[in-house]
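Note that this is a predicted model, so its numbers are computed, not measured.
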Amino acid sequence: AQKITQTQPGMFVQEKEAVTLDCTYDTSDQSYGLFWYKQPSSGEMIFLIYQGSYDEQNATEGRYSLNFQKARKSANLVISASQLGDSAMYFCAMREGSGGSNYKLTFGKGTLLTVNP
Amino acid sequence: KAGVTQTPRYLIKTRGQQVTLSCSPISGHRSVSWYQQTPGQGLQFLFEYFSETQRNKGNFPGRFSGRQFSNSRSEMNVSTLELGDSALYLCASRPPSGGPDTQYFGPGTRLTVL
């Protein structure tokens, strides 16, 4: 079974509108971390937002927020007020366990977001 | 603070050759991880180094190896290149424990094997 599932291969959004990118995860660990990265066509992976499994509040970073629903094992990314520069590939990733010496990220297949003017 | 840097950015090799990629982490970061990204397999973890020791390894053949130097810079080596090794190789560094639990990535090295 896939550990990280992103069911939307591609999404379109109008400039200035909000968009939600879906991510579900599968783990039996109690401690884990969830991340979203943005990858423009240049290739660099840009960190956007992090949510720890024990965090009770949804994470927010500027226009990005993570809608964390632990019971449903979902960690959707919400981008408010989309901008043309938001057009990119978006990856959801998970770090299982408490990290430390066994730190590795497992990535989903990604969602290609296109922002239309 | 300067970000993670990787050299070279682009590389073309032929089958059977070997290649070495370099990564310099963010200053103060001692953990360096490598990932392979291909259209078919997506992003896959290769290995992680910390204080010159490999701590964690993904499911890749022994042709893929790495090392880390005392200044935390890391190199990744692929021997006997195959066509399927064509990929974007991403390096990431992580702050020491107590800092944000986040890996920061470099721009990647795009390797093409002909």
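In this structure, F107(A) has its ring center under 6.0 Å from that of Y35(B).
Separating the OH atom in Y50(A) from the OG1 atom in T102(B) is a distance of 7.0 Å, to the nearest 0.5 Å.
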Can Q103(B) and Y103(A) be said to form a side chain to side chain contact (heavy atoms under 4.5 Å, CB included), step by step? CA-CA 10 Å; Q103(B) 283 188 327; Y103(A) 189 111; 3.4 Å; yes
Hey, mind stepping through Q39(A) and Q37(B) against side chain to side chain contact (heavy atoms under 4.5 Å, CB included) and telling me if it holds? CA-CA 12 Å; Q39(A) 188 177 43; Q37(B) 185 177 22; 2.8 Å; yes
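Atom CZ of R15(B) sits in a sparse spot, with 12 or fewer heavy atoms from other residues, nucleotides or ligands closer than 6.0 Å. Annotation: K57(B), atom NZ; neighbour count of heavy atoms from other residues, nucleotides and ligands within 6.0 Å is above 12.
Residues L11(B) and L46(B) fall within the same hydrophobic cluster, defined by Ile, Leu, Val, Met, Phe, Trp and Tyr side chains chained together at heavy-atom separations under 4.5 Å. If you chain together hydrophobic residues whose side chains sit under 4.5 Å apart, Y37(A) and L113(A) never meet in one group. Under the 4.5 Å side-chain heavy-atom criterion for grouping Ile, Leu, Val, Met, Phe, Trp and Tyr, F35(A) is connected to Y104(B) within one hydrophobic cluster.
If you measure heavy-atom distances from K104(A) to chain B, the contacts under 4.5 Å come from both the backbone and the side chain.
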